[in-house]
Amino acid sequence: MMAFKNLVGQPELRKALLTELEAGSVSPVTLLTGPGGSGKKSWGIALARALLCPVSSCRPCGVCLSCRQLNGGNNPNLFLIHPEGRWIKIDQIRRVRPRLYLASPEDECRVLLISGADRMTPEAGSSLLKLLEEPPERLYIILTSSHPEKLLSTIISRCRRYVLQLLSVDEITLLLNSEEILSGVEVGLIARLSHGLPGRARELAPDPALGERIKLAMELARDLVTPAVSAPDLFRRASSLAEREDLLFILELLYIYYRDLLLRLLCGPSDLHILPRPSSYPRVSPASLELSLEDISRAIKRIAFTNAHKQLALEAMIILLQRRFAGA
């Protein structure tokens, strides 16, 4: 059951919503914003569950009729609207509106959750605005949006807005471990690749191509820290990788693995067995190594995004890294 206790991170949002629920002061219109994949809909559903449970003011009990209906996906007091195709159309708002005005027992409320509200057509937005101007009693409206600037200003002015923050690597790791969908080794990698977005982490986790991508990145990372591998050999590898549509993803994997391998190689424990410790590598501090690789990563990604010849980006990265850390 989706409740606040099942959600990870967002301590400020959690505290604010729980305080409002306990005080009975939840806004009639709540706007949850944040990047795509940040968990807006999950938090919206959790708030809806709390509002619709008549037993607990802030934590769904899970056993009452309302909670059981929510678990079964058929609670008559929860109305969900999301884009059909690219847009949320006026007919979707019109179909729901009459049901929101039907009489209900005094202790029951209704919740309308509109996911991706910024994708409403102008006509749909105007229809929602009319609903906000003459709302039925005990109706709560929850909007989620990745681009709130696209909403009508007259809608935003009626909302209490919350912005979801990116999660830390530890928080994403906790989320993935709780869902038990990955092995221990992959959890940390996915957590970093997610960029703080739980939705992206869930998309990457079951990706069948992830294993192949990891293998490619690891092979190239090992070659990069092995002085015996010549530049022409690396460039031949670069030529084949440059044809892949997921080159940028491979670059990111490479950066993560290469950084970790070098941190362990140059600054890590003496029991390192992944790679030999060449005596020619200088001793550096983790802080300086981290900064150098961050700078290189940003530069290479900028080149790759703006230059049609992606092979040049990969070759430039190989040259930079070899000169910086292998003396090539």
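Residue indices begin at 1 and follow the sequence shown. Please read all numbers here as calculations on a predicted model, not as lab measurements.
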Hey, does Leu174 have a side-chain heavy atom less than 4.5 Å from the side chain of Leu167?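 Of all side-chain heavy-atom pairs linking Leu174 with Leu167, none is under 4.5 Å.
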
Do Leu7 and Ser42 have side chains that approach each other closer than 4.5 Å (heavy atoms only, starting at C-beta)?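 With C-beta onward as the side chain, the pair touches.
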
Mind checking the [atom1]-[atom2] spacing from [X] to [Y]? Nearest 0.5 Å is all I need.
{"X": "Cys109", "Y": "Leu51", "atom1": "SG", "atom2": "CG", "value": "5.5 Å"}
{"X": "Leu52", "Y": "Arg110", "atom1": "CG", "atom2": "CZ", "value": "10.5 Å"}
{"X": "Leu193", "Y": "Ile172", "atom1": "CG", "atom2": "CD1", "value": "11.0 Å"}
{"X": "His195", "Y": "Arg200", "atom1": "NE2", "atom2": "CZ", "value": "5.0 Å"}
{"X": "Trp43", "Y": "Ser38", "atom1": "CH2", "atom2": "OG", "value": "11.5 Å"}
{"X": "Tyr162", "Y": "Leu13", "atom1": "OH", "atom2": "CG", "value": "7.5 Å"}

Can you list everything that forms a side-chain hydrogen bond (donor to acceptor under 3.5 Å, both in side chains) with Ser194? Sequence neighbours excluded, please.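 Partners of Ser194 under the side-chain hydrogen bond (donor to acceptor under 3.5 Å, both in side chains) test: none.
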
Tell me, please, which residues at least two apart from [X] pass salt bridge (Lys or Arg N to Asp or Glu O under 4.0 Å).
{"X": "Glu108", "answer": "none"}
{"X": "Arg95", "answer": "Glu84"}
{"X": "Glu20", "answer": "Arg160"}

Hydrophobic side-chain clustering at under 4.5 Å (ILVMFWY, transitive links): who's grouped with [X]? Put none if nobody.
{"X": "Leu166", "answer": "Leu197"}
{"X": "Trp87", "answer": "none"}
{"X": "Ile155", "answer": "Val29, Leu31, Phe79, Ile81, Ile88, Ile93, Val96, Leu100, Tyr101, Leu112, Ile114, Met120, Leu128, Leu129, Leu131, Leu132, Leu139, Ile141, Leu143, Leu151, Leu152, Ile156"}
{"X": "Leu102", "answer": "none"}

Residues forming a side chain to side chain contact (heavy atoms under 4.5 Å, CB included) with [X], sequence neighbours excluded:
{"X": "Val163", "result": "Thr33, Arg161, Gln165"}
{"X": "Ser168", "result": "Asp170, Glu171"}
{"X": "Gln69", "result": "Leu65, Asn74, Asn75, Pro76"}

Listing request: all side chain to side chain donor-acceptor pair (under 3.5 Å) pairs with a residue in residues 147-157, at least two apart in sequence or in separate chains.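 Found His147-Glu149.
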
With side chain to side chain donor-acceptor pair (under 3.5 Å) as the criterion, how do Lys40 and Ser146 come out once you've worked through the C-alpha distance, each side chain's angles and the decisive distance to 0.1 Å? CA-CA 9 Å; Lys40 300 181 295 296; Ser146 299; 3.2 Å; yes

Got more than 12 heavy atoms from elsewhere within 6.0 Å of CD, Glu134?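 Check fails, neighbour count at 12 or below.
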
